[in-house]
Amino acid sequence: MADTTGNTGSIQDTGAPLQGPGPRPRKSSWRYIGPGIVVAATGVGAGDLVATLIAGSNFGYTLLWAAVLGCLVKISLAEAAGRWHLATGRTLFDGWASLGRWTTYFFGVYVVIWGFVYGAAAMSSSALPLQALFPDVMDLEWWGIACALVGLAFVWFNRYAVFEKVMTVLVGVMFVVTVYLAIRVAPNLGDAFAGLLPVLPDADDSVLYTLGLIGGVGGTITLAAYGYWVNAKGWTNAGWMKVMRLDNRVAYLTTGIFVVAMLLVGAELLHSAGLALEKGDKGLVQLSDILEDRYGAATAKFFLIGFFATSFTSLIGVWHGVSLMFADFVTRGRRKAKASTGEAIASGRPEKSWPFRAYLLWLTFPPMILLFEGQPFRLIIIYGVLGAAFMPFLALTLLWLLNSARTPREWRNGALSNSMLVIAGLLFLVLCVKQVWDQPWSEFF
C-alpha cells in the first residue's frame, strides 16, 4: 500500500504517546473523504430507518430535534475514536487494553456473542427487500445466505480502497432514494422547522422513548471501528486531524439526512393517514406496499432498492470493520506488551490475517443456523444486555483515555468534547439500565 500518511519516521512500538514535533498538518479537503462515508453507511441500518419512520408516524415532526441531536452525539463519539488513533498512533483496542484486563474480557465476550446474533440479523435484513423484489426466486433464508456469501467473498478478496468505493456507490443509492421519498411526500416545512424545538411528545414513557431515538441514530460498534477505517485509509498521525474531523462531519451530515428524510416520510405518509408500521425490518417491506398504493409500483421498487442498499452496506461494513477490530484484539493478545499501531492497520496486513478471516467466517456461517432454527432465547437476552452495555463502555473509556497522559496534551479533550462524551455516556447508561431491566429474567433461569 502506498504511503499516504506523510510520516517522517516510524512510530516506536512502546505504547507511549508520540513525542517531539508533530507531522505536517494536511489541509482538510473533500477529495480525502472516505471513512466517514463508510461509517455512515454501516451505522445506518434498516432498524434505524424503521425507528425514525415509527417516530414520525406516531408523533409527526415532534421528535425531529431528537434525530438531529442523535447525530451530534455520534459525531462526538466518532471524532473521539478517530482522534485517539491519530494523536497516539495506537489503535482503540490498544488504548482499552491499557485500562486493564477487564476491557479485554468484556470485548472478547461481546464481539463473539454479538457477531453470532448480528450475522443472522444482517442476513435477514438484506434478504427482505430482495425477496420483495423477486418473490418467486427463492425463500427468505436462502436470500439471506446468498447475501452473506457475497459479503464474505467481497470483503475476503478486496482491500479497504475497493471496499470504500463500493460503499460510496451504495451510499449514493441510499441518498437518492431517501431524499426522493422525502420530497415526494411533500413535507410541511413549517411544521418540520417547528420540530427542531426540543419538545417531548404527550405519551407514556415519552422521555425514555425520546432517549432511545437519540441513542439509536446511526451506529453502535461501528463508531469504534471508525478509527480503524481512518487508519486503513492511510491516515496514521496527527497531521491528518483536520481531514478526519471534516470526514467525520460529512459522515453524520449524511446520517442526519437519511434519518430526517425518513422521519419526514413517517410524518407525512403515515402520521397524517393514521397508518402504523410493524417494528423491525419487516416494517420497511410494509412501507413499500403503502408506497405502491399511493405512488405506484415504480416508486415502491425504487424504495426497495434503497432498502437493500441500506441493509447490505451495514452487512459488509460490519464484515470489514469489526473483523479489523477482532484481528487487532487477537494480534495484540498474542504480542502481549507490544502496542498495536495505526501504521500496522494502514499496511493492509490485518485484512489478510487469519484472525480477520476467522471472524469473517464466524459472522457468515454459524449465524445461518439462526435463519432456520430461530434465535435462541437466552442468547438473545445476553446479546441485548451486552449490546446495551457497549455504548456506555465506548463513551466512558474514550473519556478516560482522552483525558489522561496516554494522549498527547494538545489532543486531549477540551470542555466541549468532555461535555459531549459525558452526555453520551449518561444517555447510553440510562438506555443500558432500561434494556437490562426490560429483559424477561424470570424466564431466563
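Keep in mind that this is a model prediction, so the values were computed, not measured. Atom set for the values below is all heavy atoms of this structure, side chains included, hydrogens, waters and symmetry mates excluded.
Using cut-offs of 30° and 60° on the angle between ring planes, the pair F312 and F308 is parallel. Ring geometry, Y32 versus W240: the interplanar angle exceeds 60°, so the pair is classed perpendicular (tilted spans 30 to 60°).
Rounded to the nearest 0.5 angstrom, M167 CE and I37 CD1 are separated by 10.0 Å. To the nearest 0.5 Å, atom CZ of residue F107 and atom CG of residue L386 are 12.0 Å apart. In this structure, M325 CE and Y228 OH are separated by 5.0 Å, a value rounded to the nearest 0.5 Å. A distance of 11.0 Å separates CG in L264 from CG in L181, rounded to the nearest 0.5 Å. With rounding to the nearest 0.5 angstrom, the CD1 atom of I345 is 8.5 Å from the CD atom of E351. Going from atom CD1 of I214 over to atom CG of L63 covers 8.5 Å, rounded to the nearest 0.5 Å.
Contact record, L263 with A55: CD1-CB, 4.3 Å, taken as the closest heavy-atom pair. Closest of all the heavy-atom pairs between G95 and L401 is O-CD2, 3.4 Å. Shown here for V39 and A251, the closest heavy-atom pair between the two residues is CG1-CB, 3.7 Å. Heavy-atom minimum distance, R83 versus W411: NH1-O, 2.8 Å. Nearest heavy-atom pair, W102 versus L99, reported as atom, atom and distance to 0.1 Å: NE1-O, 3.3 Å. The minimum heavy-atom distance between G115 and L363, with the atom names listed, is O-CD2, 3.5 Å.
Remark: side-chain polar atoms of T331 are not paired, donor with acceptor, to backbone N or O of D328 under 3.5 angstrom. Remark: the backbone N or O of I54 is paired with a side-chain donor or acceptor of S57 at under 3.5 angstrom. Checking side-chain atoms of T313 against main-chain N and O of L170 turns up no donor-acceptor pair under 3.5 Å. In terms of modelled atom types and a separation under 3.5 Å, the side chain of S288 and the main chain of V285 share a donor-acceptor contact.
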Query raised in the report: Should F390 and F428 be marked as a side-chain contact (heavy atoms from CB on, under 4.5 Å) after you check the CA-CA gap, both sets of side-chain angles, and the distance that decides it?
Result: CA-CA 9 Å; F390 184 81; F428 291 116; over 6 Å; no
Query raised in the report: After noting the C-alpha distance and the side-chain angles of F154 and V162, does the key distance pass the side-chain contact (heavy atoms from CB on, under 4.5 Å) rule?
Result: CA-CA 9 Å; F154 172 72; V162 176; 4.2 Å; yes
Requested in this report: Under the side-chain contact (heavy atoms from CB on, under 4.5 Å) rule, what do L253 and R249 come out as? Steps first, then yes or no, please.
Outcome: CA-CA 6 Å; L253 175 63; R249 292 184 190 113; over 6 Å; no
Requested in this report: Test side-chain contact (heavy atoms from CB on, under 4.5 Å) on T310 and F258 and set out the steps.
Outcome: CA-CA 10 Å; T310 301; F258 290 153; over 6 Å; no
Requested in this report: Go through the steps for R90 and S340 under the test side-chain hydrogen bond (donor to acceptor under 3.5 Å, both in side chains), then give the verdict.
Outcome: CA-CA 6 Å; R90 298 160 61 191; S340 300; over 6 Å; no
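Under the rule for a side-chain hydrogen bond (donor to acceptor under 3.5 Å, both in side chains), the partners of S98 that lie at least two apart in sequence or sit in another chain are R406. Considering only residues two or more places apart in sequence or on other chains, E268 meets the salt bridge (charged side-chain N to carboxylate O under 4.0 Å, His left out) condition with none of them. Not counting sequence neighbours, the partners of D438 by the salt bridge (charged side-chain N to carboxylate O under 4.0 Å, His left out) test are K434. Remark: N58 pairs with no residue by the side-chain hydrogen bond (donor to acceptor under 3.5 Å, both in side chains) rule, at least two apart or across chains. Under the side-chain hydrogen bond (donor to acceptor under 3.5 Å, both in side chains) criterion, T397 pairs with W96, sequence neighbours left out. Listed by chain and number, the residues in a side chain to side chain contact (heavy atoms under 4.5 Å, CB included) with V155 are I316, W319, H320, F356, L360 (sequence neighbours excluded). F59 meets the ring pair (Phe, Tyr, Trp, His ring centres under 6.0 Å) test with Y209; sequence neighbours excluded. Every residue was checked against the ring pair (Phe, Tyr, Trp, His ring centres under 6.0 Å) condition with Y295, not counting sequence neighbours, and none meets it. F307 meets the ring pair (Phe, Tyr, Trp, His ring centres under 6.0 Å) test with no other residue; sequence neighbours excluded. Applying the salt bridge (charged side-chain N to carboxylate O under 4.0 Å, His left out) rule to R245 yields the partners E79; only residues at least two apart in sequence or on another chain are considered. Remark: K352 engages no residue in a side-chain hydrogen bond (donor to acceptor under 3.5 Å, both in side chains) (not counting sequence neighbours).
Proximity of the aromatic rings of Y226 and H85 is defined here by a centroid distance below 6.0 angstrom, and this criterion is not met.
In this structure the side chain of W235 reaches within 4.5 angstrom of the side chain of L86, judged on heavy atoms. Residues W354 and V330 have side chains in contact (heavy-atom distance under 4.5 Å, counting atoms from C-beta outward). In this structure the side chain of L64 reaches within 4.5 angstrom of the side chain of V260, judged on heavy atoms. Inter-residue side-chain proximity for T103 and F93 is flagged as unmet; no heavy-atom pair is nearer than 4.5 Å. The closest side-chain heavy-atom distance from C147 to M123 is not below 4.5 Å. Residues L394 and L398 have side chains in contact (heavy-atom distance under 4.5 Å, counting atoms from C-beta outward). At a threshold of 4.5 Å between non-hydrogen side-chain atoms, the residues M262 and L287 count as touching. Between V322 and Y118, the closest side-chain pair of non-hydrogen atoms is not below 4.5 Å.
Checking each of Y110, W362, Y359 against F116 for a ring-ring contact (aromatic ring centres under 6.0 Å, His included) leaves exactly one that passes, namely W362.
Taking a 6.0 Å sphere around CZ of F106, one finds it holds more than 12 heavy atoms contributed by other residues, nucleotides or ligands. Within 6.0 Å of CZ in R412 there are more than 12 heavy atoms belonging to other residues, nucleotides or ligands.
Among residue pairs with one or both ends in residues 112-133, none qualify as salt bridge (charged side-chain N to carboxylate O under 4.0 Å, His left out); sequence neighbours excluded.
In this model, no donor atom of one side chain and acceptor atom of the other lie less than 3.5 Å apart for S126 and S311.
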